Amino acid sequence: MFRFFKEEVKRSLNCEEKFIRESEHSDLTSTISFKIAKEKGEDAKKIAEKLVSEIKTKGEFSYIGKVEAINGYINFFVNNTFLAETIRSILNRDEDYGSLDLKGDVLIEHTSANPDGPLHIGHLRNSIIGDTLARIFKKAGFNVETQYYVNDMGRQTAIAVLGVNKFGLSEKKPDHAVAEAYIRMNEELEKNSDLEKEIEEIMKRYEDGDENVIRLFKDVVEKVLEGVIETLKNINVHHDSFVLESYFVRNGYVNRIFDILDKNGILIKNGAWKIDGSRLQFEKDVILRRENGTTLYITRDLAYHLWKNERYPRFINILGADHKLIGKQLSDILKFIGLKPPEIVFFEFVSLPEGSMSTRRGKFISADELIEKTFEEAMKLLRDRDMDEKEKIAKAVAVGALRFDFVKIAPEKHMVFDWKNALDFERQTASYIQYSHARACSILRKANRNEEITKDEVRFKPELCTDVERKHIILLSKFSYIIERVINELRPNIFAEYLMKVASSFNDFYRDHPVLNAKEEIRMHRLAIVDSTRIVLRNGLELLGIEALERM
RNA sequence: GGGCCCGUGGCUCAGCAUGGAUAGAGCGACGGCCUUCUAAGCCGUAGGUCGCGGGUUCAAAUCCCGCCGGGUCCGCCA
């Protein structure tokens, strides 16, 4: 709804979007007068006043109420029709509220951690950003496919495979068991450089399609993925498909990429095969094929993106900031050969207080450990409560806290993981939003207990709105506006912040707006607001992959 | 050394793309609020040279230049 208001404001001034902004002084504000004042050398204040009077004579806007000029700013306020239509739209559309009608297929690739061990808390940031974006894209109307690109041909995987082969697997969860063998193999590798040849050999045979070796790799990769899928399931992250790198070697896409590069004249075949970096303003040539004939990560990734180009109009990758250089090279190469580059969301690293994480050196906090500890902490909180389904609630609170903590931080921000912070739910965080939702549910439950209230009886009356209610409803109206921003900016943290605001604003309302004990007209009016809030919070939590509890 | 990212109260962050009206939250600290819809809540107080220095502008946390601090990348690794 807010988007329509903004459109009207834009139309009323006939100005660019950038001169219209949200403000604490109004529902929307324009700074266009300053711009005109500069161009014409006139007084901004007078221009604003003139523009306001013009808008007033124009009349006939559906949602614009008061318009005023103050110090050169033009302040717009929504009218009662806007408030009424917002509430009506929320109640009518219910689960659908907030959606947009954008169309098209989108591929979102996220997580894609190497199959050499369990996910750690750095991967989690990737998964949560990716999964949240996928949910928001779906809400916006896109047909979304989420994909996990499995790096089964890399050197790291070969080390893991060799490790498992040499040392076997312990009884641990399979991904953790593989990590043990992988870490041990790395230690051996440091001591004994002869093992280097074995790695090289096994990689070569895998790439060449040796059935026995393929079986070994398949076994290890499947074990890791089994563990990874279980971990992700625990935090409500789902992938529609898993695509192996080796698929692109076996289906000929890697060869097609070589042909294309060759035709474009940037492939140098001289021992190793490489891209002529000078043609693309790269610092160095990019190696695509080792002298022994095996390919490298970027080679398969180019093939993968050729494949994506043939299938999706839009594809988005979620990648750690350490992939920035290779991501840029990938994009530049794709553009050079006339293919579309991916849209890439980079996020900065999650590190531990003692330094950066490393699966290879066993220096990491696994996602499983974090999930488990967070759950235990949530259970402690419920220890003394008398209620049903403690485990279910604790799980929802734990997953919520975890997901929210990651998604609320802007992707470009470096994070230092802190146990104390991660396990503290007594903060304005996911549980606060869940709690607000439960409060709204509680009011509605009680309202319905004594008498069955039908939709027709719930009557929202804009003229009854207090200032707090008005502000709150305008916030509710911004749902799809925020969705649109996330789609444009690929920053899901914006949505987390929005939902936080809605919860906070609802608590303001809750404080001094009694619902159940109010007289009939006001009671029905406020029930409509409470129900609308409930819908917005529930739909919003869904987009964050967090369960909207009705009691807690 | 070069590229990219970050630097906002004691701590964690929002705001920066598109400059604009007194720089916003949470945690922590301090003081209050449960006979009234869930206190996982609410109210109040203290706490800020927006890393530093220049510049552009009527106006800079926001744009430009330089510097400092932290992270990250610069493999026939991924």
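Below, chain A is the first sequence line, B the second, and so on; all start at residue 1. All values reported here derive from a predicted model rather than from experimental measurement.
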Does a side-chain N or O of [X] approach OP1 or OP2 of [N] to a distance below 4.0 Å, or not?
X: Arg439(A); N: C37(B); answer: no
X: Tyr432(A); N: C42(B); answer: yes
X: Arg491(A); N: G15(B); answer: yes
X: Lys408(A); N: G26(B); answer: no
X: Lys328(A); N: C74(B); answer: no
X: Ser431(A); N: A40(B); answer: no

Residue met sooner reading RNA chain B from 5', once Asp512(A) and Arg360(A) are mapped to nucleotides: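 The residue closer to the strand's 5' end, by nearest nucleotide, is Asp512(A).
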
I want to confirm an ordering. Mapping Leu381(A) and Tyr510(A) to their closest nucleotides on RNA chain B, which one lands closer to the 5' end?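 First, find each residue's nearest nucleotide; the 5'-ward one identifies Tyr510(A).
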
From U38(B), C37(B), C74(B), nucleotide with atom closest to Glu283(A) side chain: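 Nearest listed nucleotide: C74(B).
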
What orientation do Phe258(A) and Trp273(A) show, parallel under 30°, tilted 30 to 60°, or perpendicular over 60°?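 Perpendicular.
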
Can you see whether Ser436(A) engages Asn507(A) through a side-chain donor-acceptor pair at a distance of less than 3.5 angstrom?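 There is such a pair between these side chains.
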
Do Phe479(A) and Phe495(A) have ring centroids that are under 6.0 Å from one another?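 Centroid separation for Phe495(A) and Phe479(A): below 6.0 Å.
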
Checking all strands, does Leu319(A) fall into the base, sugar-phosphate, or nothing category for heavy-atom contacts under 4.0 angstrom?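 The answer is nothing, as Leu319(A) stays clear of every strand by at least 4.0 Å.
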
